[in-house]
Amino acid sequence: VSPPVAAARPALRRTALLLLVGAAAGCRPDERVSYPTKPPLVDLAGLNAAIAEHRGSVVLLDFWASYCAPCVKALPQVAELGRQLSPRGLRVLAVNRDDPEDWEREALPILKKLPAHLPCVVLEHGSSDAAVSQFGKRWRSELPARFLLDRSGAVVREFLAEATEAEVESAIMELLAR
Amino acid sequence: MRRSLVAAAAILAVGGGLCLAGDKAALGKPAPDFELKDVLGRTYKLSEFKGSVVVLEWINQDCPVWRGKLKFLNETYGAVVAGKAKPEAPVTEGATAKVVWLCIDSTNYMTPGRNHAYAAVNGIAKPILMDAAGTVGRTYDARTTPHCFVIDPQGTVVYDGAPDNSQSARSGSAPVNYIALAVESALAGKPVATARTNPYGCSVKYKS
């Protein structure tokens, strides 16, 4: 049974903020911060609030799902990038697209195995089309999909299925050097 | 030089699916023609189905999202095609059908044998066309499995997107079967109300 998203909507932003307060309250990126057992469900406003908390940093948004093999394969490197480049101003935010009821069974075990903590929210299905419109130019919701946001919060690069890890990393380095 | 270019194009065409029109697929435009073989080696040419409504469904048996939609897609196939024709029949017979449903597999490593076996085990009656070279998939810009297109009897693309709203609807919303609605409109000669949605699922694993 899906979590009652509509009823929980006021809590969606709060979830995102709590996540970020945790990150901002002195948690070093390499600390093994525990993940919530309930899906950290957000709508688009909640996701934008989470992104806005990082204004001034370069942000990599990584849309992924447990069923997306290339996404899961890339996650350890994404988490490592977040950890290693945090001092230079990179923040990574993973956005999970599994069904929220699959969080504990499917998504959580993958996140717990990562070499570094990766902040992650679950985007409710009802915000899917709006997220595609907001972040994508070519994107139509397929996974993997990663977006690089500059320090002002503007999307400057879009990486879809065909993008390589080297391309993503090189774009991040270039943006951090500006 | 020119001769070698023609030869190269011919080799490319033989090596994979043959796309007969140069343009990319676009909503409201003529569907680019193609010729592909199914898992048994029978040739299917899209233009031979003119006069029928054609559903194209991109598939990949290794994609959990497509597998999760298998029952829904089989049921929808049954609902829109059943009793109207035998779309699995050879092209000449299929051309008389009111609705034809073709599965296309653009997964770079997929083999006809695997799909033949999977279809038999999972009760898939639809023809499965092999496009391992990805030519047709790229022409239609198929992004995910499942990604579906509906083509009207005049050969125009009238729907491009997801099979349903299960990955885009707010919790508690009524389910919407986009394929069934598009087929219904195309058969009635009416515009498709929701002609474009965002397809969901695994990305198509194209040959790089």
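In what follows, every chain begins at residue 1, and chains take the letters A, B, ... in the order their sequences are listed.
Only the backbone of B:Ser166 comes within contact range of chain A, with heavy atoms under 4.5 Å apart. Interface remark: B:Thr144 contributes side-chain atoms only to the contact with chain A (heavy atom separation under 4.5 Å). Contacts between B:Pro64 and chain A at a heavy-atom distance below 4.5 Å involve the side chain alone, from C-beta outward. In this structure, no portion of B:Arg67 lies under 4.5 Å from any heavy atom of chain A. In this structure, chain A has no heavy atom under 4.5 Å from any part of B:Ser173.
Closest approach of B:Tyr200 and A:Ser141 over heavy atoms only: CA-OG, 3.8 Å. The two residues B:Ala169 and A:His125 have their closest heavy-atom pair at O-CB, 3.5 Å.
Ranked by non-hydrogen atom pairs under 4.5 Å with chain A, the options B:Cys202, B:Gly172, B:Pro199, B:Ser208 are led by B:Pro199. Taking B:Ser168, B:Ser203, B:Gly68 one by one and counting their heavy-atom pairs under 4.5 Å with chain A, the maximum is reached by B:Ser168.
Heavy-atom proximity under 4.5 angstrom to chain A picks out B:Asp160, B:Gly161 from residues 154-162 of chain B. At a heavy-atom cut-off of under 4.5 Å, chain B is reached by A:Glu142, A:Leu143, A:Pro144, A:Leu160, A:Ala161 from residues 142-175 of chain A, listed in order of number.
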Inset, instruction - Let me see the working for A:Arg140 and B:Thr197 under side chain to side chain contact (heavy atoms under 4.5 Å, CB included), right down to the final yes or no. - result: CA-CA 8 Å; A:Arg140 290 186 67 188; B:Thr197 60; 5.6 Å; no
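Counting heavy-atom neighbours within 6.0 Å of A:Glu80 CD, excluding the residue itself, gives a total above 12. The environment of CD in A:Glu104 is sparse: at most 12 heavy-atom neighbours from other residues, nucleotides or ligands sit within 6.0 Å.
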